[in-house]
Each structure stands twice: as structure tokens, then as C-alpha cells.
Amino acid sequence: MSQQHSAADPAPNSAVATVAQRRDWWRDAVIYQVYPRSFADSNGDGMGDLEGIRSRLPYLRDLGIDAVWLSPFYASPQADAGYDVADYRAVDPMFGNLLDADALIRDAHELDLRIIVDLVPNHSSDQHEWFKRALREGPGSSLRDRYHFRPGKGENGELPPNDWESIFGGPAWTRVTEPDGSPGEWYLHLFAPEQPDFNWEHPAVGDEFRSILRFWLDMGVDGFRIDVAHGLVKAEGLPDLGDHDQLKLLGNDVMPFFDQDGVHEVYRQWRLILDEYAGERIFVAEAWTPTVERTANYVRPDELHQAFNFQYLGTHWDAEELRQVIDRTLEAMRPVGAPATWVLSNHDVTRHATRFANPAGLGTQIRTAGDRALGLRRARAATLLMLALPGSAYIYQGEELGLPDVVDLPDEVRQDPAYFRGAGQDGFRDGCRVPIPWTREGSSYGFGTGGSWLPQPAEWAELSVEAQTGAPGSTLELYRTALATRRAEPDLGAGESVEWLRAPEGVLAFRRGEFVCVANTTGESVTSPAYGRLLLASGEIAEVDGDAKIPADTTAWWTTA
């Protein structure tokens, strides 16, 4: 059987209920992440923009996704690719203006697509009007209370107020020069110095963000992805951590600046606002927590709707590890009644087609290409496994083309701010942010008419949307068919459990009603029962006398109906 078609061959626009007609749409939604500067360029300046995204919405509709999550497009100096916001109610000119945002939202809704925007509440830009005034007005300014300004330690205040380290490396504190030219107070920034942390103990901060929520809800957005959702509240007194390799503790311990219990009161207030609006709008948390059980705290019924499953993203292509994470995720979400989420790639990690091309244990930022054929084979199989699991799935732009990370970008073209700091994060996120190819030819393979802000490899011409559309066996057609099948099959999508089936070592097999998924994570072919009618597979499946030969690193879907 050819791997790009299902037996039923449902078309991407088959007569199933549209997103707009479905209640609790977010419980099984497939949400597509757009990184605006790398998706489509409408004006030929080499940088993607909102009008470019708008022009490509029909492609996303036909792909079969339910919602589009847009990474930040707010007014920003771009010290951290837009995650340093100077004005939360304005569009950065490089992306367009508020009229472009309005048109994008309206067009998406006409295509039955929902729009989720990024919200960055942990910190602002140092060019935010509050922070600029806080610096101008000097010590004692009421604006300084909206951030974390503190006197330094040492005889002359020359040492940081505590020992916290920035996620980007170095101290989490920067000393300011006061209006009179003297060395002065220090301010907290868990990320870049250009990203001062808000003080969420100050009532003006909460008031401002509730107003920002209403501004975008009134514009018609369908939800918010909350950046650093675990970071808003800091432990009382900002206590020293006492460990000088703090970055290794991230994700393993509750830190005094992350995952503090006080964040949950913020989200309970936000949920009251969201529930005033019609249309089942949602919150999605980017919450890095030590355990999936602590992640579940963010999606209790009166808080947020979904939280990214970073434990799953970081899991190796290994059946035993995957089963453990799947079980723990489903078990943690069940008591709070929230859907599990599944994600393989995003704008901050090496694309999974490259991660899986390399040996396990290298982390989520990898600088080597590895075995690209192996990586693509595993990536396709991993996608079908992810889309078969109960809950909601996230797709990062370009993964439906099987794009690898660009690991050989010359140093002189790199743009990742972390790369230039020489500490903390490796700063190699540019590799997953290279603009995606739409056509076989052109200065940027259809991204725009004026090149692209990061260079694209020549071999991407044959990975373009144009090259893969209608091509038997292409990764794009696999995604289109998988998403259509997922929507058409009644036992796929929302749910809270799977029934594990007996399978050879290195193979995952589970049932959901009349649907069966088998994923072979080994490097050898395995024999499995043919569980009925073959719906779809990431590779060629041979069926003989009721058995199926499943190639190495391949996932297959069956229905017993």
C-alpha cells in the first residue's frame, strides 16, 4: 500500500464538522505554529510578515489544521526575536500594522481557522515605556516597583542582589546608571538584559495585562499562548539559590523564580476574563516544570486549557521511554480533566527530523546533521504516533515538509541573540528558524521576492510545498492524509487513555476503540498482526496471511471497523 493515502482516502476538506461547529474544539485540536519572520514575506524585504501569513492561510486550511499559533509580532527592538515587547497593543512595523492583524484574524475565521497569539507576561523590553520612565525617574520612582529593582550587595552596592543566573547565561541582574551618572540599583532579568522581569506583586502589572487580554480578545483572537507561564511570580524575598550551575537544575527542581504556586492565582483571574467571551477561547501555557504532574496544576478547570508537554518533546525515539511519558502524561491530565498535548518541534529546539538523525542523549539543540534519511524516516513515524494519541497536537511550520535543521549556517549570518552572549543557551536556534520553501525556484524558494533573512539550503527546492504537493510518498502528503484521517476517524482525537497491546520489544502498539496504532522504533523490520483495514503508514507495509511486516522506524494505523 502506498504510504501517502489512506484506504478511505478522505480529502482534506471532507464533510466533517468544521472547527467552528465543534464544541470543546481545543481538546483534540491540531495547532500549527507560525514563526512570522520565517513563514511568508509579502513585501520582498526578506522578512516574513502578517500579510504573507494571510496569503498562505488557504494552504493551512487545506493541510487540515484547526488553529494557528503566531509567535510574537508586537512592537519590539527584537533583542530576543520579539519576545522583548515594547508595546503589547501595537504590531511591529517589520510585520505590518493592526489593520493587517485584523485582516488576518478575519480571513482565518472565514476559513474556519482560529488564531492564537503569543503573550509575554514575564518580562517586557527595556524599551517599554514603563521601564524607560523607571530609569529616567531614578531611585524611588513608582515605576521601579513594577519591575524588580534592588540595591546591590557589597560595600558600594557593586554585587548583584542575589545569586540568580540568567537563562541566557551570566547574572540575572544588571546594574543601571542613575540619571546623575552614578552606579545605581540593579534590575532582575531572567533572560536577556534587554528583558526586565515584571513584578507581579504590583497591582498595576496585573491590571495592565488584564487590559491587554481584552484588547486582543476584542480584536477577535481565539486564545493566547503564554510565554514563560511558570515564571511570573518569584519567591518572597528573592532568596539565594546557592548553586553555581543553576542551568542544570532547570526542569528538575522548583526554582525560586519558576513554578511558584502564586502564578495560579494570576491565571484564575485571567480565566474569568476569557470566559466572558463567546467562542470557546483558550489559554496555552509554556510551563517548564520538573514533572508532568506539576504541569497539570496549570490546567485545572478554573485556570488554563492546555500546557505544552515538554517531557514528550525531549523523549528519545525509544518505545519504552515513549510509553512511560505517554502513560505519565495521560495519568497526570486525567484528574484535572485537561487534554494531553503532544509536540515534537518548535522555534526553540532542533527540528525533530534532525534530532532523530543523531544518537540519543544530545539534548534538544544539536549542531550536527546526522543521518538525514534515518532522521526523516523516524520523524514521519513519530508524527503518526503523536497524531494517534489522545488529546491535542502541535505542528511547527515546515515539519510537514520534513525540513531538517540547517546546522551549517555561517557564523556571520546568525541572528540568535543567545549565540552572541557566549554563555547559557547555545544560541543555535537559527537552524530551526530558516524561512520555509514554497516553490522550487526564486530568490528564496517562494518565501518572498527579496531573498530571506537567513539563507536556505539549495536542496530545499525539492522539499518545497510545490515539489511535494501531489507527490506520492511525500512528507507533505503524509501530513495532509494523516490530519484528514484523524478528523474522519471517530476514535481519534480527544480522549484520556489508550489500551496497550502486546508487541515485540521496541514496538508500541495501542488500541483506541476500533483504531489501532503500531510504531516500530527499532532499526529492524518486525512482524505484527494486521489489525484490520490499513488506514495509513509512514512507510511501505507488506501484509500476508493476517500479518504485517512493519519496516524499521515506521508507524502504521489500522481500523477494525
Side-chain angles (χ1 to χ4, degrees), residues 72 74-88 118-139 141 143-153 157-178 183-202 204-205 208-209 226-235 237-241 243-244 246-247 249-250 255-260 263 286 288 348 416-427 429:
Y74 307 110
S76 165
Q78 305 295 320
D80 186 27
Y83 283 94
D84 51 316
V85 181
D87 187 342
Y88 290 85
D118 233 308
L119 189 65
V120 188
N122 179 70
H123 48 262
S124 73
S125 165
D126 62 354
Q127 298 304 302
H128 191 286
E129 188 58 34
W130 283 4
F131 193 77
K132 291 195 295 183
R133 282 185 56 194
L135 294 183
R136 287 197 308 267
E137 294 176 5
S141 167
L143 270 297
R144 292 201 176 190
D145 293 338
R146 301 181 187 187
Y147 295 91
H148 293 279
F149 278 85
R150 296 287 189 279
K153 294 181 177 179
E158 71 276 10
L159 299 176
N162 69 19
D163 65 358
W164 294 0
E165 296 174 3
S166 165
I167 307 306
F168 286 168
W173 296 89
T174 290
R175 195 175 194 183
V176 305
T177 299
E178 301 298 359
E185 294 181 315
W186 297 70
Y187 69 88
L188 176 68
H189 53 87
L190 291 180
F191 295 89
E194 299 89 345
Q195 295 169 290
D197 279 47
F198 284 117
N199 174 17
W200 274 86
E201 300 298 324
H202 195 292
V205 176
E208 171 69 354
F209 273 91
I226 305 169
D227 185 62
V228 196
H230 54 301
L232 279 57
V233 173
K234 278 65 175 177
L238 309 184
D240 282 340
L241 190 56
D243 191 293
H244 296 289
Q246 296 175 16
L247 293 179
L249 298 180
L250 293 177
M255 310 289 272
F257 46 78
F258 279 163
D259 198 28
Q260 295 292 303
V263 299
E286 183 210 27
W288 291 87
D348 279 335
D416 185 350
Y419 177 77
F420 301 98
R421 295 192 175 93
Q425 289 191 353
D426 288 337
R429 296 174 295 176

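All figures in this text were calculated on a predicted structure; none of them were measured in a lab.
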_I'd like to know whether N162 forms a side-chain contact (heavy atoms from CB on, under 4.5 Å) with F257, so could you lay out the CA-CA distance, the side-chain angles of the two residues, the decisive distance to 0.1 Å, and finally the verdict._
CA-CA 12 Å; N162 69 19; F257 46 78; over 6 Å; no

Check your understanding: Counting N and O atoms only, with roles assigned by atom type, does the side chain of Q260 sit under 3.5 Å from a partner on the main chain of M255, one being a donor and the other an acceptor?
Key -> yes

Separation between CH2 (W130) and CZ (R146), nearest 0.5 Å, reads 4.5 Å

Short side-chain to backbone donor-acceptor contact, D259 and H230, under 3.5 Å:
no

_W173 side chain to L159 backbone, donor-acceptor under 3.5 Å_ = no

Here the pair of heavy atoms bringing A134 nearest to F149 is CB-CE1, 4.2 Å

Next on the checklist: Keeping D240 on the side-chain end and D163 on the backbone end, is there a donor-acceptor pair under 3.5 Å?
Outcome noted: yes

With sequence neighbours left out, the residues meeting side chain to side chain donor-acceptor pair (under 3.5 Å) with H189 are T174

Nearest heavy-atom contact between Y74 and V85 is CB-CG1, 3.7 Å

Open item on the list: Salt bridge or not between R429 and D80? Use side-chain N to carboxylate O under 4.0 Å.
Closed with: yes

Looking only at heavy atoms, the pair that brings D84 and A79 closest together is OD2-N, 2.7 Å

So CG of N122 and CH2 of W200: to nearest 0.5 Å the spacing works out to 9.5 Å

Nearest heavy-atom approach of S76 to G82 is OG-CA, 3.6 Å

Handout entry: Derivation and outcome, salt bridge (charged side-chain N to carboxylate O under 4.0 Å, His left out), residues R144 and E178
Key = CA-CA 12 Å; R144 292 201 176 190; E178 301 298 359; 2.7 Å; yes

Inset, instruction - Hey, can you tell me if F191 and F168 have their rings parallel, tilted or perpendicular (30° and 60° cut-offs)? - result: perpendicular

Per side chain to side chain donor-acceptor pair (under 3.5 Å), D197 is matched among H123, K234, H148 by K234

Between R150 and P161, the two heavy atoms sitting closest are CB-CG, 3.6 Å

Output for pair (H128 NE2, L143 CG), nearest 0.5 Å, gives 9.5 Å

* Asked: If we ignore angles and hydrogens, is there a donor and acceptor under 3.5 Å between the side chains of Y83 and D118?
  -> yes

Those residues at least two apart in sequence (or on a different chain) that pass ring-ring contact (aromatic ring centres under 6.0 Å, His included) with Y147 are F131, F198

Note: V120 and D227 closest approach over all heavy atoms is CG1-OD2, 3.7 Å

**Asked** Got F258 and V228 here, is their nearest side-chain heavy-atom distance under 4.5 Å?
**Response** yes

